[in-house]
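The next block holds one structure in the form of structure tokens; read it before the comments.
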There are 4 protein chains.
Amino acid sequence: MRTKDETKETKILDATAAIILKDGAAGVSTVKVAKRVGISQSNVYLYFKNKDALLLSVYHREMARIQATGDLQAAADESLAIEVRLKAYISAIYHYAMAHPDSLTLIQQIKFLFGQYDSNPFLHGETTQNLITDLYAQAQQKGVLKNAPISVLMSMVFSVIHTHSMNVQRQIYAADQYSFEEIFAVIWQGIHA
Amino acid sequence: MRTKDETKETKILDATAAIILKDGAAGVSTVKVAKRVGISQSNVYLYFKNKDALLLSVYHREMARIQATGDLQAAADESLAIEVRLKAYISAIYHYAMAHPDSLTLIQQIKFLFGQYDSNPFLHGETTQNLITDLYAQAQQKGVLKNAPISVLMSMVFSVIHTHSMNVQRQIYAADQYSFEEIFAVIWQGIHA
Amino acid sequence: MRTKDETKETKILDATAAIILKDGAAGVSTVKVAKRVGISQSNVYLYFKNKDALLLSVYHREMARIQATGDLQAAADESLAIEVRLKAYISAIYHYAMAHPDSLTLIQQIKFLFGQYDSNPFLHGETTQNLITDLYAQAQQKGVLKNAPISVLMSMVFSVIHTHSMNVQRQIYAADQYSFEEIFAVIWQGIHA
Amino acid sequence: MRTKDETKETKILDATAAIILKDGAAGVSTVKVAKRVGISQSNVYLYFKNKDALLLSVYHREMARIQATGDLQAAADESLAIEVRLKAYISAIYHYAMAHPDSLTLIQQIKFLFGQYDSNPFLHGETTQNLITDLYAQAQQKGVLKNAPISVLMSMVFSVIHTHSMNVQRQIYAADQYSFEEIFAVIWQGIHA
DNA sequence: TATGAATGAGTGTTCATTCAT
DNA sequence: AATGAATGAACACTCATTCAT
């Protein structure tokens, strides 16, 4: 494998992510990225077909990172009760977001730049995404979730967790001012049938 | 009479809004706006100091439109019980969003372009906004709302309503597939103590 | 006569002069001028054919002001000895410059903007100018001035006086740190045969 | 012909200088420069950070050229008498100006564009400039120069030489109509104590 | 006399992308 | 794999000037 290349590719993705967090997704330019990495502008095109591919790569990397969360595996464990799996999923996203609040911001920013065609930021992870959607669908079928559009429930979960994690990151209030249970209550009672 | 001027100003705002909905807020350019209105590019600067002022104007116009909703007045009626007012507020936003789904999209897009510093898209309406925040705050004090950050509750409300209204607009499902009560249940049980 | 108009015209000229001193002659624009006067941009064209005419007007006004100096009349008095007249002229310019250092700056800035075709900033006053040039020419013929190009001598006089007056205005040194005689000595011994 | 050897940067500087001489420093635009060189406008920004940097580069190049004059070295030779050094300096500038009259014009134009804050166009060469100012200062201390502001004396020298060289270039009179000694006399008797 | 509206040409600057080396 | 050079298109914004009112 191309160790060197992957390092460089990672650096480019990191730089891009940093710029998104600083200037917004619309503020990303290959010039800025290259300058930040310390490479020539054209070098970026060796690793990414074009700017869109670069942004999409950042997006997919964040999605993959969320999925890689160990906690998330429990949600996929079909031997568990659906309610348990759902709670595990929400808990996993919550704790991931608290540890990496920028992650959700990146996802949201890129989604918004590419048009608001799909309002649910958790979508699009292909394989994993279907699992999650399936989880919601099954839970709804079994009467665990309210009879509301799944995309509405999903974006609600995302919205609550993201807003809370950003508040903490921006020190609008201390992390321990609100317990997980308190935040979770909002989500659960909102989606629970 | 400045009728003529106001028409032009309105046309420019309309064109800008249309572009935002089509290409996102980052996709707005004075050239596009001017072309759409059928005027010269420099003419835009006769009505708006600069591009930011133009976008902000679109933003404030949408905010004002929401506030102008008759239903919203009930939410401000201090003679009513706090719970009634809160429900009136949510209902008002809901019905406004269903009638004008683009409105929330515009607000969200512009907010995101100007930096994600304030994650609550309903904020910043000055007078009205304080009323709404006050409403939430009072409701929380009186134990009507859960003990969760107000900004989290507010953005949750926005998120649910916006996602649902977009789904309907994009014909992901029919408007009558989910009743107001069903959507409202998600919101209310989410925020209600 | 049109009293009101002349007031306005004066205001426009004043505003233009102020802008030149602040941003340089190249920094003048009808927008800036109009804004400063508090009139509409197109109004400027009621008083001046175009921007060049405006700048030229400022130029000529300053030239006229210098000529209007009472002291300068002595220089024109043909009954006096040529050396006396020449000294009177230099003294007049010197004292005018000390009282109105911006005047020479305006003249210089406008001259430079319109191309450096004529390096002598004192030229171009038509009637008066010929008098001054004649004065130099006569003085040279009578052996009072060195055998050097008159334009060189003239621009030397301007340069010394202008530099000194600017230094004082910018408080690089106090006005009384150098007497008129000291500055005059530089000029006189430079041009005197 | 250095055409082939000339780097792009040099070509751009040359084009800029030519435009300054033709239209004045305020008349320089990146479009004009690019067109003259035969490159695309954006290419200019590959070699110069912005327009100011471009103009400053032209300025510094001319300053460096003057300093590179062999004759100027004598002025820096501290083993020589101060009066000798001063005369060497004036002579060097004079002969340089006669050979390259545009050089002083460029310097003057750019100085004027950047604001008239420093009225002495010979200033700002950093290292060399201090040497020259020191030379004047020492000469004044030793009673060689009149008791007048050094900046006044310096701009006087510049003015005389520049005006004369321009006159010759514009064929207002022939180069041999006035000898170096005649021009020098104006300068020297003007500044000499 | 005065203005507001309008515009086309212009400004400096940034950008995504390509290509030869 | 990496770069420097190059470019055309786009950008926000300013300007001098005209014209109808």
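Proteins get letters first, then strands, A, B, ... in listed order; numbering begins at 1 in each.
The distance from atom CD of B:E9 to atom P of E:dG4 is 15 Å, rounded to the nearest whole Å. Distance, D:Q41 CD to F:dT7 P: 12 Å, rounded to whole Å. Straight-line distance from the CG atom of C:L46 to the C1' atom of F:dT17: 13 Å, rounded to whole Å. Between the CD1 atom of B:I12 and the C1' atom of E:dA5 there is a distance of 11 Å, rounded to whole Å. Rounding to whole angstrom units, CG of residue A:L54 and P of E:dA16 are separated by 10 Å. Rounded to whole angstrom, the span from the NZ atom of B:K51 across to the P atom of F:dC13 amounts to 8 Å. Rounding to whole angstrom units, NZ of residue A:K11 and C1' of F:dA2 are separated by 14 Å. C:I19 places its CD1 atom 15 Å from the P atom of F:dT14, with the value rounded to the nearest Å.
In this structure, of F:dT3, E:dT13, F:dA16, it is E:dT13 that holds the atom nearest to the side chain of D:N50.
Phosphate contact (OP1/OP2 of E:dA2, side-chain N/O of C:K8, threshold under 4.0 Å): present.
Rounded to the nearest 0.5 angstrom, D:Q109 CD and D:Y59 OH are separated by 13.0 Å. We find the NZ-OG distance between B:K35 and B:S29 to be 8.0 Å, quoted to the nearest 0.5 Å. The CG atom of D:L21 lies 11.0 Å from the OG1 atom of D:T16; values are rounded to the nearest 0.5 Å. Interatomic distance, A:K8 NZ to A:T10 OG1, rounded to the nearest 0.5 Å: 11.5 Å. Rounding to the nearest 0.5 Å gives a distance of 10.0 Å between NZ of A:K11 and OH of A:Y47.
Within 4.0 Å (heavy atoms only), D:Y47 reaches sugar-phosphate atoms of the nucleic acid but no base atom. Looking at heavy-atom distances under 4.0 Å, B:V44 makes no contact with the nucleic acid at all. In this structure, A:S42 reaches the bases: a heavy-atom distance under 4.0 Å links it to at least one base atom across the strands shown.
Residue whose closest nucleotide on DNA chain E sits further toward the 5' end, between D:V28 and B:N43: B:N43. Residue B:G38 is the one, among B:G38 and D:D52, whose nearest nucleotide of DNA chain E lies closer to the 5' end (criterion: closest heavy atom). When each of B:S29 and C:S29 is assigned the nucleotide of DNA chain F bearing its nearest heavy atom, the one mapping closer to the 5' terminus is B:S29. Both D:S40 and B:G27 lie near DNA chain F, and the one whose nearest nucleotide falls closer to the 5' end is D:S40.
Closest approach of C:F48 and C:S57 over heavy atoms only: CE2-OG, 3.4 Å.
Taking a cutoff of 4.0 Å between a charged side-chain nitrogen and a carboxylate oxygen, B:K32 and B:D23 qualify as a salt bridge.
Under 3.5 Å, the side chain of D:T30 and the base of E:dG12 form no donor-acceptor pair of N or O atoms.
Only one option out of D:D102, D:T105, D:L113, D:L106 pairs with D:I20 in a side chain to side chain contact (heavy atoms under 4.5 Å, CB included); it is D:L106.
Paired runs in DNA chain F that reach 3 or more consecutive Watson-Crick or G-U pairs, where each pair keeps both distances under 3.5 Å, cover E:2-21 with F:2-21.
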